[in-house]
**Q** 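First, the structure itself, so that you have it in front of you.
In this text the structure is predicted, and so the values were computed from the model without any measurement. Heavy-atom basis, side chains included; hydrogens, waters and symmetry copies ignored.
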Amino acid sequence: MPGSGIDAIARLLAEGLAPRLGQPVVVENRAAGGMAIAGEAHANARPGETLLLAPSAIASTVPYTFEGRLPYDPEQDLVPLGVVASEFLCLAVTAASPARDVAGLVAAARAAPGTLNWYSVPGFMELSFRLFLHRHAMDMPFVAYRGSPQAVVDLAAGRIQAAILPLTPALGSIREGTIRAIATTSGVRAPNLPDVPTMAEARAPGLAYDPFTALFGWRGMPPGARDRMAAAMADTLRDPAYAARLGNAGMLAQAGSAAMLAEVIAMQRGQVQTALRTVGQRRAG
């Protein structure tokens, strides 16, 4: 969606790929639908006309959480080309919360069952946090939002008490002190929040997650086209300006191969299935 972290990645990547491929690269947003709309549009496009930039969850999580018939084949329609970036997600609480770390949030939730509300970006991270609540005997009602910006507003106002949010929309409120980040999910600390520990450092490894943004090719993509795209991607990702501009937006440039992306997807699928077997699918309403 325009203004989101993935939109920023798409526009920077398109800017770098166009001269390297010798043709215009146009960004078209297909938001909503739990990423299924974007997956369907990509699957239905004529071969060679589109590439799909999306979170790895489109291949690892959505196939297990989408209600109804999935309008694309995650095995055939999403050909892994590589990882291009990752966003940082943070677990944040309202400024008035007594919780200063993950352990403090667990203690606060156990002390007042059913009174602390929470939100998470949908998909993999929401499932992981629900599994975390289950394993720590925490009763925290979930509040749904159409997007993270409104959740940030309500967290700052105290209408919800905890949220797992992308750093991009949350960073301003964190800096203003209206919400407090207590941990980030990535394997490394966020450069914009160097004093905030990772989930592994906070002794919450079950909430560790690198939200990779990946590039996918089309069904039946010829090996020569894949090689050409891989070379153009690698050259773009090596450009220091690309990394710097992503960093300013609270994101991290990555340069993962197609094989790495396939491994990430397989790992995430396993974790999603474990969570669904344990806590089940959240139902609307």
Side-chain angles (χ1 to χ4, degrees), residues 1 4-18 20-21 23-66 69-87 121-125 166 209-237 242 246 251-272:
M1 117 186 280
S4 67
I6 198 165
D7 180 67
I9 296 168
R11 295 187 186 281
L12 286 174
L13 187 61
E15 184 180 307
L17 288 178
R20 291 169 172 87
L21 296 175
Q23 64 186 76
V25 179
V26 179
V27 175
E28 182 179 351
N29 283 288
R30 293 295 182 98
M35 293 183 268
I37 290 176
E40 180 180 21
H42 178 65
N44 291 336
R46 288 191 295 183
E49 285 196 347
T50 66
L51 298 167
L52 178 65
L53 185 76
S56 57
I58 196 171
S60 67
T61 306
V62 177
Y64 298 97
T65 58
F66 186 78
R69 181 179 175 276
L70 192 67
Y72 63 90
D73 185 332
E75 298 288 348
Q76 298 297 321
D77 294 324
L78 306 180
V79 176
L81 296 178
V83 174
V84 299
S86 63
E87 286 194 77
V121 290
F124 184 91
M125 202 64 240
Y209 175 51
D210 283 286
F212 290 118
T213 297
L215 193 65
F216 297 91
W218 59 90
R219 178 190 286 255
M221 188 176 189
R226 294 181 70 174
D227 292 344
R228 180 174 177 237
M229 184 57 59
M233 279 176 51
D235 195 35
T236 299
L237 300 178
Y242 175 80
L246 279 182
M251 294 173 283
L252 185 67
Q254 300 278 0
S257 66
M260 172 193 167
L261 175 55
E263 290 175 3
V264 166
I265 290 170
M267 178 273 293
Q268 291 177 354
R269 283 176 178 171
Q271 289 181 290
V272 166

**Q** Any chance you could measure T213, atom OG1, to I58, atom CD1, to the nearest 0.5 Å?
**A**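 Separation between the atoms: 11.0 Å.
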
**Q** At their closest point, which heavy atom of P55 faces which heavy atom of I6, and how far apart are they?
**A**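 Nearest pair, atom of P55 first, then I6: CD-CD1, 3.3 Å.
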
**Q** Under the side-chain hydrogen bond (donor to acceptor under 3.5 Å, both in side chains) rule, collect the residues that match up with S86, sequence neighbours excluded.
**A**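 In terms of side-chain hydrogen bond (donor to acceptor under 3.5 Å, both in side chains), with neighbours along the sequence ignored, S86 is linked to Q254.
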
**Q** Which atom pair, heavy atoms only, marks the closest approach of V121 to P166?
**A**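 Closest approach of V121 to P166, heavy atoms only: CG1-CD, 3.4 Å.
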
**Q** So, for A57 and P63, which heavy atoms are closest and what is the spacing to 0.1 Å?
**A**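 Of all heavy-atom pairs spanning A57 and P63, the closest is O-CD, 4.1 Å.
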
**Q** Kindly write out the residues that satisfy side-chain contact (heavy atoms from CB on, under 4.5 Å) with P47, not counting sequence neighbours, or none if the list is empty.
**A**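 Expected list: W218.
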
**Q** Distance from D7 atom CG to N29 atom CG, nearest 0.5 Å?
**A**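 So the gap between those two atoms works out to 4.5 Å.
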
**Q** Among residues at least two apart in sequence or on other chains, which ones pass side-chain contact (heavy atoms from CB on, under 4.5 Å) with R219?
**A**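 Here the qualifying residues are D73, Q76, D77.
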
**Q** Do V62 and Y72 come within less than 4.5 Å of each other through their side chains, counting heavy atoms only?
**A**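 Yes - at least one pair of side-chain heavy atoms lies under 4.5 Å apart.
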
**Q** In chain order, what residues pass the side-chain hydrogen bond (donor to acceptor under 3.5 Å, both in side chains) check against T50, with sequence neighbours excluded?
**A**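 Scan of T50 (side-chain hydrogen bond (donor to acceptor under 3.5 Å, both in side chains), adjacent residues dropped) gives H42.
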
**Q** For the CE atom of M251 and the CD1 atom of I9, what is their distance to the nearest 0.5 Å?
**A**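 Between atom CE of M251 and atom CD1 of I9 there are 5.0 Å.
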
**Q** Which heavy atom of P80 sits nearest a heavy atom of L78, and at what distance?
**A**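 So the two residues come closest at CD-O, 3.3 Å.
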
**Q** Name all residues meeting the salt bridge (Lys or Arg N to Asp or Glu O under 4.0 Å) criterion together with R228; count only those two or more places apart in sequence or in a different chain, and write none if there are none.
**A**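 Per chain and number, R228 pairs via salt bridge (Lys or Arg N to Asp or Glu O under 4.0 Å) with no residue.
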
**Q** Do any side-chain atoms of residues 260-272 form donor-acceptor pairs under 3.5 angstrom with protein atoms, and if so which ones, sequence neighbours left out?
**A**
| residue | atom | partner | partner atom | Å |
| --- | --- | --- | --- | --- |
| Q268 | OE1 | S56 | OG | 3.0 |
| Q268 | OE1 | S60 | OG | 2.8 |
| Q268 | NE2 | S56 | OG | 3.3 |
| R269 | NE | A59 | O | 3.0 |
| R269 | NH1 | E75 | OE2 | 2.8 |
| R269 | NH2 | A59 | O | 3.0 |

**Q** Quick check: do E15 and T236 have side-chain heavy atoms less than 4.5 Å from each other?
**A**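 Counting from C-beta outward, E15 and T236 never come under 4.5 Å.
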
**Q** Could you pull out all residues at least two apart from F124 that satisfy ring-ring contact (aromatic ring centres under 6.0 Å, His included)?
**A**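 In terms of ring-ring contact (aromatic ring centres under 6.0 Å, His included), with neighbours along the sequence ignored, F124 is linked to Y209.
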
**Q** Do you know the tightest heavy-atom contact between L246 and A85?
**A**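 Looking at all heavy atoms of both residues, the closest pair is CD1-CB, 3.9 Å.
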
**Q** Could I get the full list of side-chain contact (heavy atoms from CB on, under 4.5 Å) partners for R226, not counting sequence neighbours?
**A**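 Only V79, L81, M221, A258 meet the side-chain contact (heavy atoms from CB on, under 4.5 Å) criterion with R226.
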
**Q** Does anything in residues 37-46 pair up under salt bridge (Lys or Arg N to Asp or Glu O under 4.0 Å), and if so which pairs, sequence neighbours excluded?
**A**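 Every pair satisfying salt bridge (Lys or Arg N to Asp or Glu O under 4.0 Å) with a residue in residues 37-46: R46-E49.
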
**Q** Got a sec, which residues hit side-chain hydrogen bond (donor to acceptor under 3.5 Å, both in side chains) with N44, two or more places apart in sequence or on another chain?
**A**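 With sequence neighbours excluded, N44 shows a side-chain hydrogen bond (donor to acceptor under 3.5 Å, both in side chains) to no residue whatsoever.
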
**Q** Suppose we screen for side-chain hydrogen bond (donor to acceptor under 3.5 Å, both in side chains). Which residues come up paired with Q23, at least two apart in sequence or across chains?
**A**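 Per chain and number, Q23 pairs via side-chain hydrogen bond (donor to acceptor under 3.5 Å, both in side chains) with no residue.
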
